[in-house]
There are 2 protein chains.
Amino acid sequence: MGRRGEHSLAEIKAMALNTAIEIITQQGLAQLSARKVAKQMGYTVGTLYLVFKNFHDLVSQANAMTLDELYRHSLNYSQHAIENKVLQISLGYLQYALDNPNRWRAIFEYQMPEQEQWIPEYAEKVQKLFALVESLLVVQCPSLPSDSVHLTAHALWSGVHGICVLALTGKLQGIELEQVPDLVSLLVNNCLLGLQQQD
Amino acid sequence: MGRRGEHSLAEIKAMALNTAIEIITQQGLAQLSARKVAKQMGYTVGTLYLVFKNFHDLVSQANAMTLDELYRHSLNYSQHAIENKVLQISLGYLQYALDNPNRWRAIFEYQMPEQEQWIPEYAEKVQKLFALVESLLVVQCPSLPSDSVHLTAHALWSGVHGICVLALTGKLQGIELEQVPDLVSLLVNNCLLGLQQQD
DNA sequence: ATCAAAAACTGAACAGTGTTTATTTAATTA
DNA sequence: TAATTAAATAAACACTGTTCAGTTTTTGAT
């Protein structure tokens, strides 16, 4: 039927990303498909390939948006804390995951096709989160050498991430859901305690 | 062509599981398909459905076998350690993941179809790993109350798991691969140090 | 205003996926 | 040897991502 001109390509791209996020949120990443996105937008599949290189591109950009939200949410938690900001950002990270399980899992369970690359924004945004934790840690443990801060930030953050992963995939069967934040507190606080003892 | 009688159904099932693990090991979970398994065995797809309920069933049982190997490997590491067994089992867990990335990722990145259940063995084996860590922790921290041991074991183990996840998915960009075991040591040792300080 | 060119959009095709089922073939039993 | 049972297949179904030849509409120039 040809050009309808109702939406610009930029608008179509935005619509597609929002629709994809909607489907991920409601039905999970596994239920996302190109045709489903297109149909829900009122277009056909081919149109998506005018604004995305391929399906991987669509998913990556949708996940990048989630990663942004996740970053802002975590940052917000740390900024509203007056002490132990490292713990607070960790709890903020967990809370976003618990509140948006499907979107959170989509970020970390998406299997990148062989031979494809991450979109640049994706790697940047992951890096930004680590950097944020590192900056909070350096304030909280001023006597720690910068090499140690770097390693510790990654260890701590990976640990918090691991708790989120296992909690969201139902693999923490011996732990009640309301105890999951306690796991984060336990890990972060004891690790920090151990660090300060070394000084 | 009908019954060839070359293999019993039990043998066919074992062949399928071994073939699936082979494909996962070499090409990753994303490249696994029912037809590929069947073809590599010298059978057709339909035959697989004589011994598996569905594809989910096949993947689950293949992953359960990996989970067993992972458990034995981790147990072995802890048994050969004379002190700090909690750290050693953690490093053993990490090493298995680094040595068998595709099999390890298959366990944790497999998206269970909506409305399907884990096979019972699967949940049991995950539980067994947590229980093992908990039993080592209780020896290493005898003065810790049993409630705390339970929580701490899960927090610690999730932490170690998180490091494995991010390392294998290439999200620890600020860290060299040979430093990853250091991350595990840092997390585990500092957390244990913090715990002992609380006593 | 008319016509050509460019851009937007579709629909159908392709190879692949998991799954089901009628059918064929071989081994077992009577 | 004939009837029965079990093993295995081939083909179909609905779905997936991806491509591309056409069709339709808008735009730009005469």
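Chain letters run A, B, ... following the sequence lines, proteins first, then strands; residues in each count from 1. The figures that follow rest on heavy atoms only: side chains count, while hydrogens, waters and symmetry mates do not.
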Practice item. Go through D:dA8, D:dT9, C:dT19 for me and flag the one nearest to the B:Thr44 side chain. Key: D:dT9
Review point. C:dC9, C:dG18, D:dA7: which one has an atom nearest the side-chain heavy atoms of A:Thr47?
Key: C:dC9
How many Å lie between [atom1] on [X] and [atom2] on [N], as a whole number?
X: B:His7; N: D:dA8; atom1: NE2; atom2: P; result: 9 Å
X: A:Met15; N: C:dA8; atom1: CE; atom2: P; result: 15 Å
X: B:Lys36; N: C:dG16; atom1: NZ; atom2: P; result: 10 Å
X: B:Phe55; N: D:dT16; atom1: CZ; atom2: C1'; result: 14 Å
X: B:Lys39; N: D:dA10; atom1: NZ; atom2: P; result: 12 Å
X: B:Arg35; N: D:dC13; atom1: CZ; atom2: P; result: 14 Å
X: A:Asn54; N: C:dA15; atom1: CG; atom2: C1'; result: 17 Å
X: B:Gln111; N: C:dT17; atom1: CD; atom2: C1'; result: 16 Å

Report which part of the nucleic acid [X] touches: base, sugar-phosphate, or nothing (heavy-atom distance under 4.0 Å, all strands).
X: B:Leu48; value: nothing
X: A:Ile12; value: sugar-phosphate
X: B:Ser33; value: sugar-phosphate
X: A:Tyr49; value: base

Practice item. With the side chain counted from C-beta on, respond yes when A:Leu48 and A:Met41 share a heavy-atom pair under 4.5 Å apart, and no when they do not. Key: yes
Review point. So among A:Lys85, A:Gln95, A:Gln88, which one has a side chain to side chain donor-acceptor pair (under 3.5 Å) with A:Tyr77?
Key: A:Gln95
Point to revise | Chi angles and distances behind the side-chain contact (heavy atoms from CB on, under 4.5 Å) call for A:Asn76, A:Tyr96 | key: CA-CA 11 Å; A:Asn76 195 48; A:Tyr96 185 91; over 6 Å; no
Practice item. Kindly assign one of parallel, tilted or perpendicular to the pair A:Phe108 and A:His161, based on the angle between their ring planes and the thresholds 30° and 60°. Key: perpendicular
Exercise for review: Run the ring-centre check on B:His56 versus B:Tyr110 and record whether the distance is less than 6.0 Å.
Suggested key: yes
